[in-house]
Amino acid sequence: LFKGLTDHPWHSVGDASELSPGPSPSVQLVHCTVEEAIAQSEARLQSPSGADAPVELYRAACLRCGVPVNKDICAKLLKPSSIKSLELQDSDLTTILPLVDVILCNRDLEQIDLSQNKLDSRSLELLFKVLLMHPKLWVLNISGNPCASSRAVLALRHLLCCNTLLWKVRFHGTVPKFYDARLRSQVQRNFYS
């Protein structure tokens, strides 16, 4: 079912509409793979100025990506609970790029709720690969986002297989029904492991 799917370049700028909301400025990544986006984020976090507060990381990333700063997200990142729990449901997110640094620098995240947003398949794929570095994560909700591509579903399956603590996963409406049973089966295996 998942055979033959491989990583392809993360095309952007030319089709920045998939990465940024509507007619906003284009994203500054050019022919960047998901792995390169993660490596760039890790390099930023290792720099002397990279250890900023989550809200500052988010604001800097919005500026870098040409995405408007969302005041609701800033308010949620100011809360102390945002370190263990990132609850950004219904926040009008169209790309995960401004949050990659925030997510990567908080390796103790246990719960992430990105439901009811507008995250495209490329953002979901990047998110799932970033979450591979979060061994304490046990809750993930991506329900209500646009339908994910096969590559994004494969990345989610890989995340579920690698992190067996991740047993409370919701993806209704985001994962095509064709893949639903397999993913639910893996979530159930995680629950009983």
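Counting begins at 1 with the first residue of the sequence. Please read all numbers here as calculations on a predicted model, not as lab measurements.
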Nearest atoms (heavy-atom pairs only) where [X] meets [Y]:
X	Y	answer
C62	V69	CB-CG2, 3.7 Å
S85	L109	N-CD2, 3.9 Å
L124	A148	CD1-CB, 4.0 Å
L137	Q111	CD1-N, 3.8 Å
V102	P54	CG2-O, 3.3 Å
C147	S121	O-OG, 3.6 Å

Joint hydrophobic cluster, [X] plus [Y], side-chain heavy atoms closer than 4.5 Å:
X	Y	value
L160	V139	no
L131	I38	yes
W138	F191	yes
M133	L45	yes
L165	Y192	no

Salt bridge or not between [X] and [Y]? Use side-chain N to carboxylate O under 4.0 Å.
X	Y	result
R59	E56	yes
K136	E110	no
E87	K76	no
E125	R157	no

Pairwise side-chain contact, [X] with [Y], heavy-atom cut-off 4.5 Å (strictly under):
X	Y	result
N145	F171	no
H134	N163	no
I142	F128	yes
C161	Q186	yes
D108	K84	yes
P176	V153	yes
T94	N117	no
Y58	N70	yes

[X] side-chain N/O to [Y] backbone N/O, donor-acceptor pair under 3.5 Å:
X	Y	result
N141	L114	no
D113	L140	no
S115	S143	no
H158	L132	no

Under the salt bridge (charged side-chain N to carboxylate O under 4.0 Å, His left out) rule, what do E42 and R107 come out as? Steps first, then yes or no, please.
CA-CA 12 Å; E42 287 179 325; R107 304 278 169 122; 3.5 Å; yes
Kindly indicate, with the supporting measurements, whether the criterion side-chain contact (heavy atoms from CB on, under 4.5 Å) is fulfilled by R44 and L57.
CA-CA 10 Å; R44 279 191 301 275; L57 289 172; over 6 Å; no
May I have the step-by-step check of side-chain contact (heavy atoms from CB on, under 4.5 Å) for L183 and L156, ending in yes or no?
CA-CA 8 Å; L183 291 175; L156 175 57; 3.8 Å; yes
Do [X] and [Y] have a side chain donor and acceptor closer than 3.5 Å?
X	Y	answer
S123	D120	yes
R189	S185	yes
D101	S41	yes

W167 and S193: side-chain contact (heavy atoms from CB on, under 4.5 Å), yes or no, with the steps?
CA-CA 9 Å; W167 63 268; S193 66; over 6 Å; no
The residue among L93, D92, T95 that forms side chain to side chain contact (heavy atoms under 4.5 Å, CB included) with K118 is D92
Test applied, side chain to side chain contact (heavy atoms under 4.5 Å, CB included); reference residue, L126; option that passes from L99, I103, L119, L97
L97
Pair L77, L86 - check side-chain contact (heavy atoms from CB on, under 4.5 Å), show working.
CA-CA 8 Å; L77 292 176; L86 189 60; 3.6 Å; yes
